Amino acid sequence: MTKITIIEDDASMRRALAQTLHEADFQTACCNNFVLEAPELVGAILKEPADLILLDLHLPNHNGAILLRLLRRSSQTPVIMITSSSSEADEMIALDLGADDYISKPFNPQLLLLHIEAVLRRGNSQPTTINFHNLTIDLLSGSIKNPNKTLALTKNEMIILRVLLRNPGKIVSRETLMTELWHNQEYINDNALTVNISRLRTKFAKLGLDKAITSRKGLGYILQ
Amino acid sequence: MKYSFGRFLHDRLITLGVIAAALTVLALFLLAFKTPVVLISFTIIFLLAIYLIALLIEYFRRASFYRNLIQNIEQLDQKYLVLETLERPNFLDGQILYDMLYLAHKSMREEVTHNSAALDDFCEYLELWIHEAKTPISAMSLMRCGPEMSTELATLDNYLEQILYFARSKNAEQDYLFKAISLEQVVEHVLEKNRNILQKHNIAIKVSGLNVIVSSDAKWLEFIINQLLQNSIKYGAKSISISADQQEHQTKLIITDDGIGIPTKDLPRVFEKSFTGQNGRKFCGMHSTGMGLYIVKNLCAKLGHDVSIASPHQSGTEVTLTFHDHDYYKNVISM
């Protein structure tokens, strides 16, 4: 299971982050001993091996940017900075010191997960084709095919399918799909999402997979 | 104001009168003693000439000081700096004026320094406070809250941003960072931030031609576009279109909506501070602060962008942001 270390001084923020990450199937560890000197604090953070670190820029007694620099000396763990600053300069400094990404407060949970996934994915190379049952999904050309037939997908359908494929057998909420679509400059509304899902279903049905995408009322969609 | 010999004499009418009377009495006195008229005339003219010379000396001593004072005040942008341009004069009333002006100036400067330090303190605290306030908002938006709650939180966040940028637009501190930014990305951030409210009002979004790079500060620009979008949502838009138009030396970002528009008589004043206009009062009740567009205008001025607003058909609003393509920016960015 992917493990994420949260370094955040505000207790309720920390709890909320941990809960959001748990719900997305991440394991979390927190670090809240901010009375330590910076090098010891970094040591404490690194003692717990993690796949990703969420680091708040504004910490009591510490400057997140300096912690980041210390972290980078001994570890290459991906870091996402949480900034509450609305100034570009802080974020540039963060990236300059080796953060992999940043997100500014307040953010919506889906967007945070999206950033986390993106950073984690950057590490492992992405397959260009995915096999699903007897179908082949070509992510580059945006098409799905079975041995006899190839169907092209629209951009929206492709985005939706990509999210579903990343979470096979798990419920994906409409909210998550919307976030991803809007993140890809497809500013569609609720109805359009329903239409896109049903088109995607029809395309799967044409290729012989009737029940690939099922909806769970009030929860979202599941690909199996 | 002019310092002329005429006015100088006018100021000394009493002295002149007394001297004229004294000379008349002297003339009569000499006449009574049967002094020859030629001698009397000569005496009077001689005395008058001496007095005139004394007057001229007095006049020139003052004229150079006062003329400088008047002229420099007229030419200076910051008129209170005039003392720095003058030398202390060598006649009594000028010296008194100069010294007292100096004291008044000094105390005014202390007062201004005191106030601007207090203002800086306040702005600094305000900014810190806003960052603190964002943490609970952020925590709340992470806790399972429905779209209703998210919309409210987004509104709250928007108000915080407004005051943050207001404080910044007032402050001389320039914390913006110019770089080449993609309009597409900035617009995406803004739309993503407003997704819940846009969907709640079922507003259709059309974007086109945004694949354009402009020189600006991403955060400030995000704030500006966010304000414009908020206005469109607030004033009943059902569809909003955002497009860019790249021309030779400038790029225009045009945001059009089909909301209630702005009455023609209100249009020239929408960028004024605290101006709410007919729509603000009618449509939003007490919720229009009249600050949004004012701050937008201010920030645009600081960034060197132009912003204009039109409401062509008495309904719908079209806001145009113009980014100029100065070589200056290019140099700054490539540095």
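The shown structure was predicted, so the numbers you read here are calculated from the model rather than taken from an experiment. All values below come from the heavy atoms of this structure, side chains included, with hydrogens, waters and symmetry mates left out. Proteins come first, then strands; the chains are lettered A, B, ... in the order of their sequence lines, and each starts at number 1.
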Legend entry - Side-chain heavy-atom pair A:Asn108, B:Arg195 within 4.5 angstrom cut-off: yes

Legend entry - Side-chain heavy atoms of A:Gln185 within contact of B:Val207, under 4.5 Å: no

Legend entry - Heavy atoms of other groups near A:Glu37 CD, more than 12 under 6.0 Å: no

Legend entry - Approximate separation, where rounding is to 0.5 Å, of A:Asp190 CG and B:Lys200 NZ: 14.0 Å

Inset, instruction - Measure distances from B:Leu198 to the heavy atoms of chain A and classify the residue's part below 4.5 Å as side chain, backbone, both or neither. - result: side chain

Legend entry - Closest contact, heavy atoms only, B:Lys219 versus A:Ser104: NZ-OG, 3.2 Å

Inset, instruction - Select one option (side chain, backbone, both, neither) describing which atoms of A:Ile188 are under 4.5 Å from chain B's heavy atoms. - result: backbone

Legend entry - Residues of residues 154-182 of chain A within contact distance of chain B, non-hydrogen under 4.5 Å: A:Glu175, A:Met178, A:Thr179, A:Trp182

Inset, instruction - Quick one: closest heavy-atom pair of A:His183 and B:Glu192, and the distance? - result: N-OE1, 4.3 Å

Inset, instruction - Would you sort out whether A:Tyr187 and B:Lys206 count as a side-chain contact (heavy atoms from CB on, under 4.5 Å), showing the intermediate values? - result: CA-CA 8 Å; A:Tyr187 308 112; B:Lys206 277 191 277 283; over 6 Å; no

Inset, instruction - Report, as yes or no, whether the 6.0 Å neighbourhood of atom CZ on A:Phe34 holds more than 12 heavy atoms from other residues, nucleotides or ligands. - result: yes

Legend entry - Part of B:Gln199 within contact of chain A (heavy atom distance under 4.5 Å): side chain

Legend entry - For A:Ala16 against B:Leu142, the heavy-atom pair lying closest together: CB-CB, 3.7 Å

Inset, instruction - Please report the closest heavy-atom contact between A:Met13 and B:Ser138, naming both atoms and the distance. - result: CE-OG, 3.2 Å

Inset, instruction - For B:His189, check side chain to side chain donor-acceptor pair (under 3.5 Å) against everything at least two apart and list the hits. - result: B:Glu222

Legend entry - Nearest-0.5 Å distance, NE2 of residue B:His201 to CG of residue A:Asn189: 14.5 Å

Inset, instruction - Compare all side-chain heavy atoms of B:Thr135 with those of A:Lys105 and state whether any distance is below 4.5 angstrom. - result: yes

